[in-house]
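Start at 1 and go down the list; that is how both ligands and their atoms are numbered.
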Amino acid sequence: MRRVSVFGATGSVGVSTLDLLARRDDLQVAVLTGGRNVDLLAKQAVAHRAERAVTAFDDCYQPLKDALAGTGIAVAAGPGAVLEAGHVPADWTMSAIVGAAGLAPGFAALSQGRIVALANKESLVTAGPLLLAEARAHGATILPVDSEHSAVFQALTGEEIAAVETVTLTASGGGLRDWPMERLRHATPAEAGTHPNWDMGQRITIDSASMFNKAMEVIEAHEFFGLAPDQIAVLIHPQSLVHALVAFRDGAVMGHLGAPDMRHPIGYALNWPSRAALPVARLNLARVGRLDFAEPDLARYPALSLARQVMQTGGCAGAVFNAAKEIALDHFIARQIGFLDMAAVVDSTLARFADLGRAPQSLADVLAIDTEARALAQQAARARHAGAA
Ligand code: NAD
Ligand code: MG
């Protein structure tokens, strides 16, 4: 039986992954990991007959242990236990922890030389070259799960990357797309955390409204597909039905269309290299009627310009960008800084970080850069908070 593990099982991508796994009887679930949502993790572990359930938080050990008493499911807690779970044999691993915390377990899973379905975009943004080298060294396959990257990956099947002129990632523009700039300044986390098309975790939903998510995805595409910064474009597409476009040197453009449902890219990665039937809505273009596209306004979405700067700088700029973005988002969610302050915090952190061009040499190096960048971003966020108060 094919063994599968899901890191971040209790999150939005994790729940969609388990929905697909539940429809199969040819899989054995090795590990499920979660965070503080112990009740859900325990329910999932029982329903999927997992061998092991792991919470990332030490203080959740006892509640998880109690919830799984008598089931025979092994229980563990803490970041070390999550990392160790990456070494539990699995043929297919979903990497869907949110944030930099997903980095180390993903590396561990790659060392098994099997398939890692990568939803955790932070891994590629912070440590792209190291991650790809790790996969190569162990003969592992990384399959992109971000919907746009899965779309590009599918459009590139059987194609040479040298024949690609440009790749366009689409963006819905998020929940605040039509707000005037002045109103954006005062947007609350609740307002920014509502998405018109995709049902996702709170953090990525806010990142969609600010386009920090798209900025991360541009860097992700640059790293994963080895494209130059000027080969990657972003187009606002409110319907979220075209996920990406690949333009080739002969003028052909391959687009990937489908309902906005993460079970498509997850299912594609689960069944790759085949395609199997998936329970996603079918596209009816006659009913849709029209598809709209527009250039994003860079003044409105400074995150996109920051992404370009990160790609041009290379080195550790991606790790600094991601860390600063996470801190800025924390401060926005805590209502200490405004919506538009997030980009200013990231910008200032990139400007103040010494030796941005130095490439990290190891995972430990990436984590050290992450810590340093977080401290700088904290200062920048506090300064903005104080300035606004
Ligand atoms: P989420 O917030 O819904 O879930 C995150 C998961 O990570 C949960 O299981 C949580 O318990 C776990 N977690 C949180 N903090 C942790 C920690 N410190 N250590 C270990 N585990 C921890 O997030 P999500 O929306 O499912 O996104 C997961 C990843 O997939 C992110 O990197 C996101 O950018 C990416 N992604 C998500 C979507 C989507 O539709 N939600 C689409 C594309 C890519
Ligand atoms: Mg995406």
Any side-chain donor-acceptor pair under 3.5 Å between [X] and [Y]?
X	Y	result
Asn197	Gln239	no
Ser150	Gln154	yes
Lys121	Asn213	yes

Note the single closest protein heavy atom to [atom], along with its residue, its atom name and the distance in Å.
atom	result
atom 9 (O) of ligand 1	Thr10 OG1, 2.7 Å
atom 26 (O) of ligand 1	Val13 N, 2.9 Å
atom 35 (C) of ligand 1	Ala119 O, 3.1 Å
atom 25 (O) of ligand 1	Gly201 N, 3.3 Å
atom 3 (O) of ligand 1	Ser12 N, 2.8 Å
atom 42 (C) of ligand 1	Met262 CE, 3.5 Å
atom 19 (N) of ligand 1	Ala56 CB, 3.3 Å
atom 23 (O) of ligand 1	Val98 CB, 3.9 Å

Tell me the closest heavy-atom pair linking Thr170 and Lys214, and the distance in Å. O-NZ, 2.8 Å
Where is the tightest heavy-atom contact between Ile236 and Ser172, given as atom of each residue plus distance? CG2-O, 3.9 Å
Aromatic contact, Phe353 with Phe321 (centres under 6.0 Å): no
Within a reach of under 6.0 Å around CZ of Arg23, are more than 12 heavy atoms found that belong to other residues, nucleotides or ligands? yes
Quick check: are there more than 12 heavy atoms from other residues, nucleotides or ligands sitting under 6.0 Å from CZ of Arg287? no
Evaluate the ring planes of Phe225 and His149, with Trp represented by its six-membered ring, and classify them as parallel (under 30°), tilted (30 to 60°) or perpendicular (over 60°).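 Because their plane-to-plane angle is under 30°, the rings of Phe225 and His149 count as parallel.
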Would you call the rings of Phe293 and His237 parallel, tilted or perpendicular, where under 30° means parallel and over 60° means perpendicular?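 Plane angle under 30°, so parallel.
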Using a 3.5 Å cut-off on N or O atoms only, is Gly11 in polar contact with ligand 1?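 Yes; at least one N/O pair falls below 3.5 Å.
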Passing candidate, side chain to side chain donor-acceptor pair (under 3.5 Å) with Asp330, options Lys325, Gln378, Arg203: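 Of all the options given, the one that passes is Arg203.
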So does [Y] get a backbone contact from the side chain of [X], meaning a donor-acceptor N/O pair under 3.5 Å?
X	Y	value
Ser5	Val31	yes
Gln231	Glu165	yes
Asn271	Gly267	yes
Thr166	Ile232	no

Side chain, backbone, both or neither: the part of Lys121 lying under 4.0 Å from ligand 1 by heavy atom: both
Within the 4.0 Å heavy-atom cut-off, what Glu122 brings close to ligand 1 is side chain
Kindly identify the option in [options] whose heavy atom sits closest to [atom].
atom	options	answer
atom 29 (C) of ligand 1	Ile97, Thr33, Leu40	Ile97
atom 6 (C) of ligand 1	Gly35, Pro79, Ala96	Ala96
atom 38 (C) of ligand 1	Thr205, Ile204, Val82	Ile204

Residue-ligand contact Arg203/ligand 1, heavy atom below 4.0 Å: no
Relative to the heavy atoms of [X], which atoms of ligand 1 are at a distance of less than 4.0 Å?
X	answer
Gly34	11 (O)
Ala101	17 (C), 18 (N), 19 (N)
Gly8	6 (C), 7 (O), 9 (O)

How many protein atoms of type N/O/S are positioned less than 2.8 Å from the Mg ion (ligand 2)?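 Counting protein N, O and S atoms closer than 2.8 Å to the Mg ion (ligand 2) gives 3.
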